[in-house]
Amino acid sequence: MLLADKTLFITGGSAGIGRATALAAARQGADIAIHYLGHDEGAHSAVAEIEQIGRRAIAIEGDVSDPASARRFVEEGTAALGALDIFVNNAGICPFHAFLDMPGEVFERTMNVNLHGAFYMVQAAANQMVRQGKGGAIVAVSSISALVGGEYQSHYTPTKAGVHSLMQSAAIALGRHGIRCNSVMPGTILTDINKEDLADAAKRQYMEGRIPLGRLGEPDDLAGPIIFLASDLARYVTGASLLVDGGMFVNLQ
Ligand SMILES: NC(=O)C1=CN([C@@H]2O[C@H](COP(=O)(O)OP(=O)(O)OC[C@H]3O[C@@H](n4cnc5c(N)ncnc54)[C@H](OP(=O)(O)O)[C@@H]3O)[C@@H](O)[C@H]2O)C=CC1
Ligand SMILES: C[C@H](O)[C@@H]1OC(=O)[C@H](O)[C@@H]1O
């Protein structure tokens, strides 16, 4: 097992990529702390499934854009599970909107959740790892959108570039503590975040057509790459990013 007896803390663990990763990490031997916003059913059913696998789990509600929520997640999760070995920063939103009339509150909320939230969460987790004194691994869910733009994502793509950049700087700041920091860059993965956008058949067909592997991603497609980066298999990997996009990025023509 790749994560035997480790503890893994993950934001956005009630749905989509985060939920799939939490369950896959439990199958690899980890105990899991889930942070989520308000989707009680998703969070509590994930906890129940993890316990059925035979691992411990706790779900803690809060808004990642609030720094106090990051501190509470780390404190309460560590009190429940005994330590924080791996942190996965995954929570995020993407309310698709045109650029020219983007409401200020949509821009600010997206920045606050995706980027500021990542900063506060990663900082709180890193401080706990430093206190423990035995290193650790941090994996952030960035995006292919850190590298390319989107007409309706002008508020969102800078947050994903920011998360990628945060992992690079954190890798430098935390290397001396034995803490590795990396990111994954998913392509288009079928989850609630894009259900409405991909309900447009023409858009969905266009996105599918760009992918050499011939299909959109599933949340489980991210679990393996995240667990790899979190595990000792990646013990000399830090400051790196891994595209997980079925080949979409390299498909120019
Ligand atoms: N799906 C895709 O194609 C891609 C996704 N990504 C990134 O992957 C990550 C996960 O997205 P995905 O699984 O698709 O999305 P989902 O909408 O399925 O899940 C989002 C998760 O984030 C949580 N969340 C949202 N806002 C907050 C908040 N303010 N505070 C705490 N938790 C919050 C949600 O909690 P709750 O359920 O309680 O509301 C939920 O658990 C995001 O960072 C996204 O940008 C990157 C590239 C592609
Ligand atoms: C929400 C989008 O479908 C998704 O998010 C990203 O980061 C990529 O741009 C995907 O298309």
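For ligands, and for the atoms within them, numbers begin at 1 and follow the listed sequence. Hydrogens, waters and symmetry mates play no part in the numbers below; they use all other heavy atoms, side chains included. Since this is a predicted model, take the numbers as computed values, not measurements. One is the number of the first residue; the rest follow in order along the sequence.
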Chemist: Could you verify whether a donor N or O on one side chain and an acceptor N or O on the other, from Ser65 and Arg109, lie under 3.5 Å apart?
Modeler: yes
Chemist: Please check: side-chain N/O of Arg55 versus main-chain N/O of Ile50, any donor-acceptor pairing under 3.5 Å?
Modeler: no
Chemist: To the nearest 0.5 Å, what is the distance between CG (Leu242) and CG (Leu229)?
Modeler: 5.5 Å
Chemist: For Ile193, take its heavy atoms, then give the atoms of ligand 2 lying under 4.0 Å from any of them.
Modeler: 1 (C)
Chemist: Can you find a pair of side-chain heavy atoms, one from Leu222 and one from Val141, that are under 4.5 Å apart?
Modeler: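 Not in contact.
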Chemist: Atom 11 (O) of ligand 2: which protein heavy atom is closest, and how many Å away?
Modeler: Thr188 OG1, 3.0 Å
Chemist: Within ligand 2, which atoms have a heavy atom of Ser143 less than 4.0 Å away?
Modeler: 6 (C), 7 (O), 8 (C)
Chemist: Give the atom numbers and elements of ligand 2 that come within less than 4.0 Å of a heavy atom of Tyr156.
Modeler: 5 (O), 6 (C), 7 (O)
Chemist: When you compare ligand 2 with Asp197, is there at least one nitrogen or oxygen pair between them that comes in under 3.5 angstrom?
Modeler: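 No - when backbone and side-chain N and O of Asp197 are compared with those of ligand 2, no distance drops under 3.5 Å.
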Chemist: For atom 4 (C) of ligand 2, which protein heavy atom lies nearest, and how many Å away is it?
Modeler: Gln153 NE2, 4.2 Å
Chemist: Which protein residues have a heavy atom closer than 4.0 Å to any atom of ligand 1, listed by chain and number?
Modeler: Gly12, Gly13, Ser14, Ala15, Gly16, Ile17, His35, Tyr36, Leu37, Gly38, His39, Gly62, Asp63, Val64, Asn90, Ala91, Gly92, Ile93, Arg109, Val113, Val141, Ser142, Ser143, Tyr156, Lys160, Pro186, Gly187, Thr188, Ile189, Thr191, Asp192, Ile193, Asn194
Chemist: Using the rule that Ile, Leu, Val, Met, Phe, Trp and Tyr join whenever any side-chain heavy atoms are under 4.5 Å apart, tell me whether Leu233 and Phe87 fall into a single cluster.
Modeler: no
Chemist: Hey, are Asp40 and His44 close enough side-chain-wise for a donor-acceptor pair under 3.5 Å?
Modeler: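 His44 vs Asp40: no donor-acceptor pair found between side chains.
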Chemist: If the threshold is 4.0 Å, N to carboxylate O, is there a salt bridge linking Arg19 and Asp192?
Modeler: no
Chemist: Without swapping roles, check the side chain of Arg180 against the backbone of Asp232 for a donor-acceptor pair under 3.5 Å.
Modeler: no
Chemist: Do any N or O atoms from the side chain of Asn194 and from the backbone of Thr188 form a donor-acceptor pair under 3.5 angstrom?
Modeler: no
Chemist: Under a single-linkage definition using a 4.5 Å side-chain heavy-atom cutoff for Ile, Leu, Val, Met, Phe, Trp and Tyr, are Phe119 and Val139 assigned to the same hydrophobic cluster?
Modeler: no
Chemist: With a 4.0 Å cut-off on heavy atoms, does Pro186 reach ligand 2?
Modeler: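 Under 4.0 Å: no for Pro186.
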Chemist: Relative to ligand 2, is Lys160 under 4.0 angstrom through side chain, backbone, both or neither, heavy atoms considered?
Modeler: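 The answer is neither; Lys160 stays 4.0 Å or more away.
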Chemist: Quick test: of every protein heavy atom, which one is nearest to atom 3 (O) of ligand 2, and how far off is it to 0.1 Å?
Modeler: Asn194 ND2, 3.1 Å
Chemist: Can a donor-acceptor pair be found, under 3.5 Å and without considering hydrogens, that links the side chain of Thr11 to the backbone of Ala91?
Modeler: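 Such a contact is found between Thr11 side chain and Ala91 backbone.
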Chemist: Number the atoms of ligand 2 from 1 as they appear, then name those within less than 4.0 Å of a heavy atom of Phe96, with their elements.
Modeler: 1 (C), 2 (C), 3 (O)
Chemist: Given side chains that start at C-beta, do those of Met167 and Asn89 come closer than 4.5 Å, heavy atoms only?
Modeler: no
Chemist: Heavy atom to atom 8 (C) of ligand 2, shortest distance: which of Ser145, Gly92, Ser142, Gly150 holds it?
Modeler: Ser145
Chemist: Using a 4.0 Å cutoff against the non-hydrogen atoms of Gly187, which atoms of ligand 2 qualify?
Modeler: 8 (C), 10 (C)
